[in-house]
**Q** 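First, the structure itself, so that you have it in front of you.
A, B, ... follow the sequence lines: proteins, then strands. Residue 1 opens every chain.
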Protein chains: 2
Amino acid sequence: MTVSRTADPNVSKPARAAREPADAPEAEAGGIRMGELSELLGYSLKRAQLRVFDDFIRCMTSLNLTPAQFSVLLLIDRNPGRNQTEIASTLGILRPNFVAMLDGLEGRELCVRVRSANDRRSHILMLTDKGRTILARAKKLVATRHEARLNEVLGPANRAALLEMLATLARDF
Amino acid sequence: MTVSRTADPNVSKPARAAREPADAPEAEAGGIRMGELSELLGYSLKRAQLRVFDDFIRCMTSLNLTPAQFSVLLLIDRNPGRNQTEIASTLGILRPNFVAMLDGLEGRELCVRVRSANDRRSHILMLTDKGRTILARAKKLVATRHEARLNEVLGPANRAALLEMLATLARDF
DNA sequence: CGATAATCGTTATTGGTCATATCAAATAGT
DNA sequence: ACTATTTGATATGACCAATAACGATTATCG
């Protein structure tokens with residue numbers, strides 16, 4: 001079933017494509033009517049997010065990286081020389097909760113904390129060689145398994161449109 | 001692995017643009033490069049979901065209903081005579097965790113558990129009059145404040161397209 | 001300079017969500 | 001009857017999110 005991205009802006013009818021008999025009145029799940037729940041954007045957002053995260057974790061089992069850990073490694077790699085506060089706040093992680101997370105990553109020798117010379121309060125974060133290797137493998141797994149499958153299900157154009165709208169929500173909402 | 005800046009297919013972008021110079025190379029947040037994070041669908045999904053939920057809760061402060069509570073009331077209303085297992089599993093809530101939730105709703109006299117005559121193990125769930133009243137007010141708040149604002153930010157056509165894609169993800173992914 | 005305020009990483013703690021195992025009561029299957 | 005399954009419930013543990021507070025360090029400015 002293809003998602004009609006360019007479907008005419010028929011707001012009142014969300015156009016649940018043509019597979020159901022004409023009298024099908026409402027979305028169901030296991031014989032239970034979903035009511036206006038299927039029109040609630042937040043509900044669909046959460047369900048979709050859980051599924052996507054599940055698949056991400058599944059694709060990462062060999063490397064044992066959670067979505068949060070992956071994003072941390074990615075950010076440290078792209079922003080060498082940043083301290084914990086900067087990396088954490090960028091990801092919406094509170095500083096106290098970031099400590100245990102870094103303990104884990106540093107314990108696996110994927111990154112290191114180095115006392116800054118300029119400001120000896122702060123810890124500069126850097127990836128180790130092992131961290132860079134794992135990150136590279138993780139990126140490949142994400143691209144070839146996770147995102148590739150998203151592309152299959154959604155189609156490239158829809159995937160791009162979805163990404164843009166989600167970014168809009170996170171930015172302007 | 002380039003971040004395609006506005007390849008943007010048919011979706012009309014809700015007015016934001018024109019602030020970045022034409023050579024803007026990469027998404028940033030507080031001077032920190034996001035790297036391929038801005039291309040990760042799961043990441044954007046989570047950030048967007050958190051924002052939308054925040055707004056939902058904000059719109060519901062007067063009624064004190066969480067997204068989960070709202071969806072439970074909605075489902076009970078649309079499916080009278082169902083028991084806890086059926087309602088919970090439809091929402092992806094585990095039965096043990098559903099108990100405390102119902103305790104809360106029943107304590108506020110929004111719904112009741114009634115022993116089933118057919119199967120005296122199960123509890124039939126029904127809304128009270130107060131529950132129906134609150135639900136009606138909640139629906140109105142969601143429509144006029146929450147979803148209305150989503151419509152403003154995304155535009156009606158985009159909102160419908162987004163909803164359809166999220167449903168696709170939750171269904172076929 | 002020196003006192004005060006602010007920042008950084010950290011610890012402790014609390015509250016919330018999610019998941020598993022288990023239980024008594026009731027039912028279903030044989 | 002005997003066993004297995006189901007329903008609601010309890011307890012518990014893992015994991016996040018959020019706040020307050022502390023020692024060490026740096027910044028402010030009188």
**Q** What is the distance, rounded to the nearest whole Å, between atom CG of A/D54 and atom P of D/dC15?
**A**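 My rounded result for the distance is 16 Å.
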**Q** Could you check B/D54 against B/R51 for salt bridge (Lys or Arg N to Asp or Glu O under 4.0 Å), going step by step and ending with a plain yes or no?
**A** CA-CA 5 Å; B/D54 263 3; B/R51 288 254 182 154; over 6 Å; no
**Q** Any ion pair linking A/E39 and B/R159 (charged N to carboxylate O, less than 4.0 Å)?
**A**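 Looking at A/E39 together with B/R159, the answer is yes, because their closest N to O distance falls below 4.0 Å.
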**Q** To the closest 0.5 Å, what do you measure between CG (B/N158) and CG (B/L150)?
**A**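 Answer rounded to 0.5 Å: 12.0 Å.
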**Q** For B/R95 and D/dT7, give me the distance from atom CZ to atom P, rounded to whole Å.
**A**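 Nearest whole value for this atom pair: 8 Å.
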**Q** B/L102 has an atom CG; how far is it from atom P of D/dA9, in whole Å?
**A**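 Rounded to the whole Å, the gap is 8 Å.
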**Q** Whole angstrom is fine here: how far is it from CE in B/M101 over to C1' in D/dG8?
**A**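 These atoms are roughly 16 Å apart.
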**Q** Round to the nearest Å and state the distance from B/D103 atom CG to D/dT10 atom C1'.
**A**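 After rounding, the gap between these two atoms is 11 Å.
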**Q** When the distance from CZ of A/F53 to P of D/dC16 is rounded to whole Å, what number comes out?
**A**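 Roughly 11 Å, once rounded to whole Å.
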**Q** OP1, OP2 of D/dG8 versus side-chain N and O of B/T85: anything below 4.0 Å?
**A**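 Indeed, a polar side-chain atom of B/T85 lies that close.
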**Q** Are a donor atom and an acceptor atom from the side chains of A/H146 and A/D55 found within less than 3.5 Å of each other?
**A**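 Present: a donor and an acceptor within the cut-off.
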**Q** Has the side chain of B/Q84 got a donor or acceptor atom that lies under 3.5 Å from a matching backbone atom of B/L125?
**A**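 No; judged by distance alone, with no hydrogens or angles, the pair does not exist.
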**Q** Both A/R113 and A/K46 contact DNA chain C. Which one's nearest nucleotide lies toward the 5' end?
**A**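 Looking at DNA chain C, the more 5' nearest nucleotide goes with A/R113.
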**Q** What integer distance in Å separates B/Q84:CD from D/dT6:P?
**A**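 Atom CD in B/Q84 sits about 17 Å away from atom P in D/dT6.
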**Q** Minimum heavy-atom separation for A/F98 and A/I87, please, with both atom names.
**A**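 What the structure gives for the nearest pair is CZ-CG2, 3.8 Å.
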**Q** If the sugar-phosphate is the primed atoms plus P, OP1 and OP2 and the base is the rest, what is the B/S/- string for nucleotides 20-30 of chain C, using protein heavy atoms under 4.0 Å?
**A** BB---BBS---
**Q** Taking CD1 from B/I93 and C1' from D/dA9, how many angstroms apart are they, rounded to a whole number?
**A**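 Roughly 16 Å, once rounded to whole Å.
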